[in-house]
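Okay, structure first, notes after.
Within every chain, numbering begins at 1; the chains are lettered A, B, ... in the order of the sequence lines, protein sequences first and strands thereafter. From a predicted model like this one, the values you see are computed outputs, not experimental measurements.
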Protein chains: 2
Amino acid sequence: MTQLQRRKIPDAAIARLPVYLQILNNLAATNVLRFSSDELAALAGVNAAKVRKDLSYLGSYGTRGVGYEVSYLTHQIKRELGLMREWNVVVVGAGNLGCALAKFDGFLSRGFPVIAIVDNDPKKIGRTTSSLTVGDVKDLKNIVRDEKISIGVITTSSAASQAAADALVEAGITSILNFAPVVLSTPSSVSVRSVDLGVELQILSYFEQMRLETGGKSENAPQLNTVGAR
Amino acid sequence: MTQLQRRKIPDAAIARLPVYLQILNNLAATNVLRFSSDELAALAGVNAAKVRKDLSYLGSYGTRGVGYEVSYLTHQIKRELGLMREWNVVVVGAGNLGCALAKFDGFLSRGFPVIAIVDNDPKKIGRTTSSLTVGDVKDLKNIVRDEKISIGVITTSSAASQAAADALVEAGITSILNFAPVVLSTPSSVSVRSVDLGVELQILSYFEQMRLETGGKSENAPQLNTVGAR
DNA sequence: TTGACTTAGTGAATTAATGCACTAAGCCCT
DNA sequence: AGGGCTTAGTGCATTAATTCACTAAGTCAA
């Protein structure tokens with residue numbers, strides 16, 4: 001291990017740092033230089049104590065009586081999250097969603113350029129979508145090596161998703177973002193995050209149903225967006 | 001309030017029920033009739049006690065020494081999540097992502113047909129994408145009423161997302177799935193879930209970065225997909 | 001019928017996350 | 001120089017979630 005022991009940041013806090021970062025970017029864009037934990041809390045829709053505690057995991061970067069500096073804290077969060085550099089992405093699965101994500105600004109603008117897209121369907125391989133040509137999933141290993149790709153995004157059918165994950169792991173990828181509604185099995189050294197859009201809607205329908213059953217009485221009323229960990 | 005007091009199910013459990021449901025669907029598709037908490041736990045990648053506790057919130061639907069019946073439990077989960085019916089969806093924002101989601105099977109197949117898509121850009125209004133014609137966001141209220149729409153999906157730019165949310169709320173929508181990287185402000189009676197794809201990648205990059213810094217030593221090693229609540 | 005075995009259900013301990021409320025620092029005004 | 005004001009940092013109580021480990025119920029074979 002190197003000199004500096006990396007602080008152990010609670011999972012829940014890690015998931016909030018990107019949200020804070022996004023807000024700080026907006027503040028910077030409007031020339032705000034400083035903010036207090038109260039202000040950030042209001043913008044992020046969380047408790048101010050939580051903001052302070054979350055930020056304290058990064059170090060002691062605020063000034064009492066004053067607040068935090070937007071640019072400095074932005075820097076610190078980016079450093080902590082590994083965002084001082086770009087991370088190249090490959091999309092596996094050139095269907096609707098895959099192609100949409102390949103074009104999606106949101107990835108590039110946050111530092112995750114989609115460098116390649118692959119599929120296993122000969123009918124799709126060779127097609128071009130927004131400056132990317134769909135490659136063959138068989139070449140994944142070479143592509144990952146040559147293009148220095150760090151993150152794989154799975155947008156295949158559920159049926160194909162495990163094979164896609166296997167291919168990514170085989171190609172040396174250690175971070176996977178999975179959109180197929182499947183619990184992937186991967187070595188424990190690989191980080192997997194699954195975004196199942198169906199699940200999101202089903203959680204919403206739970207609250208919608210609850211509203212109907214309780215006649216909208218706010219007692220056991222629907223919650224904010226605080227449900228569910230992954 | 002009606003007769004039957006609805007059980008209070010912990011948030012964390014609610015978020016897992018859709019995952020169990022998905023697995024049960026797969027089991028049913030392969031003609032499995034019964035399963036034990038251990039089996040489901042293995043498939044879902046969680047602890048067996050957690051599975052039993054989660055399922056116990058629904059009622060006492062297992063048989064000791066035997067397990068749970070796939071079809072019966074499927075029914076119970078669907079009932080609890082409000083999935084005995086379909087919920088119509090409108091997509092606001094006819095960009096890449098919006099159009100892809102409008103076509104996306106995953107919504108329809110899970111009981112959430114996308115009935116309408118709207119935008120505020122005259123250049124997009126009137127275009128047809130997979131049997132849907134892009135409508136004017138100004139007509140949202142009528143569309144929601146006429147098409148009996150329950151859920152709104154926001155796929156606009158961040159800049160436009162709050163206006164989209166306001167329009168949905170104004171149109172009477174009480175459940176919103178937001179893809180814009182913005183913390184929306186809505187009445188507390190409205191359920192909002194935000195899926196920020198950038199955030200997902202940034203969480204992955206945190207672990208990727210950690211791997212680099214610790215030389216991949218598995219000690220403070222990257223985690224499974226258990227980070228982060230919303 | 002009995003006894004060995006399996007597995008759901010759950011009380012209780014543990015761990016993680018949250019949020020209050022206090023303390024410590026710094027700014028600014030007089 | 002000092003006092004009032006603001007706000008970060010944090011110990012601690014509370015709440016939520018997880019997991020253990022036991023108990024209760026059932027099956028099945030002899």
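As a whole-Å value, the separation of A:R16 CZ from C:dT18 C1' is 8 Å. Taking atom OH of B:Y57 as the reference point, atom P of D:dT18 lies 8 Å away to the nearest angstrom. Rounded to a whole Å, the OH atom of A:Y68 is 14 Å from the P atom of C:dG26. Distance, B:L40 CG to C:dG9 P: 12 Å, rounded to whole Å. Distance CD (B:Q76) to C1' (C:dA8): 16 Å, rounded to an integer number of Å. The separation between A:D54 atom CG and C:dA17 atom P is 11 Å, rounded to whole Å. Atom-to-atom, CG of A:D38 to P of C:dC20 comes out at 12 Å; the value is rounded to the nearest Å.
Side chain B:R52 to base C:dG9: a donor-acceptor pair is found below 3.5 Å.
Using a 30° and 60° split on the angle between ring planes, A:Y72 and A:Y61 fall in the perpendicular class, above 60°.
With hydrogens and angles left out, the side-chain atoms of B:N26 and B:Q22 include no donor and acceptor closer than 3.5 Å. For A:R34 and A:T63, the side-chain atoms include no donor-acceptor pair closer than 3.5 Å.
With hydrogens and angles ignored, the 3.5 Å screen pairs a side-chain donor or acceptor of A:W87 with a backbone N or O of A:G82. Side chain of B:Q209 to backbone of A:L83: no donor-acceptor contact under 3.5 angstrom is found. In terms of modelled atom types and a separation under 3.5 Å, the side chain of B:R16 and the main chain of B:V46 share no donor-acceptor contact.
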Report, as a single string ordered 5' to 3', how protein heavy atoms within less than 4.0 Å touch nucleotides 11-16 of chain C: B base, S sugar-phosphate only, - not at all.
-> BB----
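Nearer to the 5' terminus of DNA chain C, by closest-nucleotide assignment, is the contact made by B:G65 (compared with the other of A:A49 and B:G65). Of the residues near DNA chain C, A:R64 and A:K50, the one whose nearest nucleotide (by heavy atom distance) lies more toward the 5' end is A:K50.
In the region residues 27-37 of chain B, proximity to DNA chain C at under 4.0 angstrom, judged on heavy atoms, holds for B:F35, B:S36, B:S37.
Residue pairs meeting the side-chain hydrogen bond (donor to acceptor under 3.5 Å, both in side chains) criterion with at least one partner in residues 148-160 of chain A, sequence neighbours excluded, are absent.
Taking 4.0 angstrom as the limit, A:S60 places a side-chain polar atom (N or O) nearer than this to OP1 or OP2 of D:dG9.
Atom-to-atom distance recorded for B:F179:CZ and B:S161:OG is 13.0 Å, nearest 0.5 angstrom.
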